[in-house]
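Worksheet: the structure to be examined is printed underneath.
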Protein chains: 2
Amino acid sequence: MTTGQARSHPMLTSEQMARKLSLSLCTFSHALNGHPRVCERTRHRVMEAARENGFVANHAARLLVRARFKPKHSRLSQVGFLFLDDAGTTLGEDAGSSLGLWCLLLLRGAEHALHDMDASLTFVRVSKSSHWAKAERLTRSGCVDGWLVAGRVDDEAISHVKSWGRPWVILGNHSCSQKVTSVDLDHGDGSRLAIQHLTGLGHRRIAFLGGTMTHGYQNEMLQAYRKALRKFDLETNEQWIQTNLPTDRSQYEVVKRFFVRKPYPTAIFASEPGPILPVRDLLHGLDWKLPGNISFVGSEMNGGQTPGISRVEWPYEEAGSVGVGTLARMAGGRKTPLFTAVKPLLVAGRSSARISDI
Amino acid sequence: MTTGQARSHPMLTSEQMARKLSLSLCTFSHALNGHPRVCERTRHRVMEAARENGFVANHAARLLVRARFKPKHSRLSQVGFLFLDDAGTTLGEDAGSSLGLWCLLLLRGAEHALHDMDASLTFVRVSKSSHWAKAERLTRSGCVDGWLVAGRVDDEAISHVKSWGRPWVILGNHSCSQKVTSVDLDHGDGSRLAIQHLTGLGHRRIAFLGGTMTHGYQNEMLQAYRKALRKFDLETNEQWIQTNLPTDRSQYEVVKRFFVRKPYPTAIFASEPGPILPVRDLLHGLDWKLPGNISFVGSEMNGGQTPGISRVEWPYEEAGSVGVGTLARMAGGRKTPLFTAVKPLLVAGRSSARISDI
DNA sequence: CTGAAAGCGCTTACAG
DNA sequence: CTGAAAGCGCTTACAG
């Protein structure tokens with residue numbers, strides 16, 4: 001927007017535009033859609049005129065005519081973001097603000113990718129079984145030609161989505177037993193990265209602080225922690241594994257269990273990106289200095305809220321974008337992998353230090 | 001979904017449906033749209049057949065034909081949710097998970113209301129000035145016939161939105177100097193409710209714990225606090241007002257300032273729904289018992305994360321729904337108020353008690 | 001109460 | 001390289 005202020009244009013049709021340019025409607029349309037049959041000069045004139053007049057082809061008409069000439073490679077133009085939410089549940093407590101946050105990050109990532117391919121995103125939330133009808137209506141009315149599915153995705157949910165006959169991709173976690181196409185963060189790799197980082201700093205007694213272990217990813221992270229310990233040939237000790245970290249003050253009690261009996265760990269990896277009390281406070285409350293007495297690697301969503309803390313960052317936005325890419329490939333009839341793993345990042349901060357400096 | 005499993009139907013057109021029912025296309029359409037000209041029996045047959053066959057009128061065709069017969073009262077069918085986000089900013093830190101949360105709550109509320117009127121919601125995020133074009137394209141292509149605007153809404157943003165010639169409503173905070181239509185929470189009323197509640201319990205020395213004072217609503221809440229003290233004829237003391245509550249451990253320091261010099265307050269109202277360390281911990285850390293030594297009223301989004309804590313609840317979801325209502329009224333050419341205030345709720349918990357019990 | 005017809009704004013196959 | 005024409009699926013004014 002060079003003017004800094006948008007000008008209001010009247011709504012023009014292709015026909016009016018074509019007349020303005022002394023072109024046939026047909027040539028105008030071909031030029032606008034970049035068809036090679038129209039010469040460069042004409043194409044340029046058309047594009048320029050469209051820009052100047054703020055002309056955009058009517059979307060409804062475009063969609064309608066598409067029903068006539070079914071292309072072999074249908075382009076994605078409108079994607080639905082299906083957010084499967086618990087019925088009565090609010091966004092509080094455990095599901096918590098973190099749930100809200102990852103959903104929004106996925107949404108942002110998806111929207112961004114969709115924008116780049118000139119498609120739009122329809123947000124639909126399903127929390128009761130009666131809501132399935134609305135998503136189905138949207139599909140059947142031609143408003144959505146592909147679905148991104150996120151939240152509490154299970155077999156029943158997928159049976160609905162499947163029945164609509166549109167391409168679909170699950171974003172994030174799911175609890176489906178059948179084969180599904182999904183894009184998720186590589187949770188195991190998060191544990192591996194953390195252990196690798198700490199091992200690189202000379203730590204050999206690394207503790208694992210896990211979540212409720214009710215979700216698949218939580219077990220995945222614990223398994224990957226164990227595997228990484230073996231890989232790097234580190235000491236193992238069941239006392240260095242604590243799970244069921246609560247969201248409130250009693251977090252302190254769980255962390256304290258690491259220090260009941262010697263040998264104490266020299267580093268802690270906390271796998272939950274969820275609502276952990278800020279780490280500084282958590283360890284402060286136990287009179288630990290960071291990284292004086294102990295090294296710490298936490299977990300966070302994109303961007304991060306606790307600067308300076310070493311952490312595994314979970315790029316949910318990227319997962320959203322990647323999901324859109326997968327969906328587009330499906331829509332285009334191209335081969336797509338069943339599962340795409342989005343790798344987390346290790347961001348080294350000041351909370352982890354060489355073992356020799358402790 | 002009585003079957004528990006969605007059946008897949010082929011895509012049928014109105015014409016095919018009409019033929020199935022031995023009706024003219026015209027009668028079928030009228031019946032489907034509830035036009036009074038068609039008799040009850042026919043209407044019922046049509047509706048039933050539509051349900052059975054999973055028939056939904058093609059949306060694109062509907063939109064297209066609407067351009068021909070412009071109704072005086074245009075119904076809202078597709079609404080854009082314009083999320084004005086800071087460019088480089090992630091959802092971390094101060095803007096924090098709370099920002100993500102309120103946005104998602106507004107979105108949920110809006111989607112819910114829209115669903116009830118059989119309309120859909122398109123999510124658009126604008127973070128750079130170059131992104132304005134995408135929202136404009138969406139409007140000009142006929143994909144969006146009304147806008148809900150949320151986030152960092154300022155005069156420049158509104159000048160863009162205005163230029164698209166569609167109805168629009170701001171959800172939540174804004175910093176516009178011009179006259180705008182908006183739906184926001186009644187922040188002042190939150191302070192009033194809290195003071196009223198505490199006064200009812202006999203408290204006369206009530207402290208105010210505020211945020212960064214960089215947003216309009218934060219000042220509004222402080223002013224309303226002062227006003228409520230006057231109204232209830234309570235003691236005032238500038239030491240009982242502390243603002244700039246940080247998001248980390250140093251929160252304790254700010255709270256401690258209430259207790260530097262006597263007389264101490266007997267109750268605290270915390271106005272920020274944002275990332276306050278859970279109250280229990282905050283006051284625990286200061287060796288206060290709740291409500292033993294002091295009464296506390298906090299602030300939270302819908303639903304609440306700290307059960308048992310007395311709080312002012314901010315119904316962001318409701319604000320989203322109300323915004324949709326306003327937008328629909330505008331689209332229908334009906335008169336709409338410039339500003340609609342959504343009232344917060346006071347939820348009494350165990351953290352506030354009668355002064356006589358302390 | 002119902003039917004035959006026009007046309008919304010586009011895109012593309014078909015002739016030239 | 002270009003034009004005249006068909007038609008996507010609907011809704012509504014216009015006759016009957």
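Computed over heavy atoms, backbone and side chain alike; hydrogens, waters and symmetry mates excluded. Naming: A, B, ... by sequence-line order, numbering from 1 per chain.
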With distance as the sole criterion, is a donor-acceptor pair present between the side chains of [X] and [Y] under 3.5 Å?
X	Y	result
B:S177	B:D155	yes
A:R62	A:N33	yes
A:S77	A:H59	yes

Give one of base, sugar-phosphate or nothing for [X], where a contact means two heavy atoms less than 4.0 Å apart.
X	answer
B:F55	sugar-phosphate
A:L63	nothing
B:H30	base

key: Shortest non-hydrogen contact from A:V38 toward A:R43   = CG2-N, 3.9 Å
It should be established whether [X] places a side-chain nitrogen or oxygen under 4.0 Å from OP1 or OP2 of nucleotide [N].
X	N	value
B:N33	D:dT11	yes
A:R62	C:dT11	yes
A:T27	D:dG3	yes
A:S14	C:dC10	yes

Of all the nucleotides listed ([options]), which has the minimum atom distance to the side chain of [X]?
X	options	value
B:N58	C:dA6, D:dC10, C:dC10	D:dC10
B:L64	D:dC10, D:dT2, C:dC8	C:dC8
B:C26	D:dT2, D:dG9, C:dG3	C:dG3

Starting from [atom2] on [N], measure out to [atom1] on [X] and report it in whole angstrom.
X	N	atom1	atom2	result
A:E15	D:dG3	CD	P	13 Å
A:R43	D:dC1	CZ	P	12 Å
A:F69	C:dT12	CZ	P	7 Å

Is it true that [X] and [Y] have a side-chain N and a carboxylate O under 4.0 angstrom from each other?
X	Y	value
A:E48	A:R45	no
B:R75	B:D145	no
A:K134	B:E111	yes

request  = Could you check A:L12 against B:S24 and say which one's nearest nucleotide on DNA chain C is further toward the 5' end?
outcome  =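 The answer here is B:S24.
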inquiry  = For B:A61 and B:V38, find the nucleotide of DNA chain C closest to each by heavy atoms; which residue's nucleotide sits nearer the 5' end?
reply    = B:V38
ask   = Can a donor-acceptor pair under 3.5 Å be found between the side-chain atoms of A:R37 and the base atoms of D:dG3?
value = yes
message = In dot-bracket form, 5' to 3', how is DNA chain C paired? Count Watson-Crick and G-U wobble pairs only if both distances fall under 3.5 Å, and write | where the partner sits on another strand.
response = |||.||||||||.|||
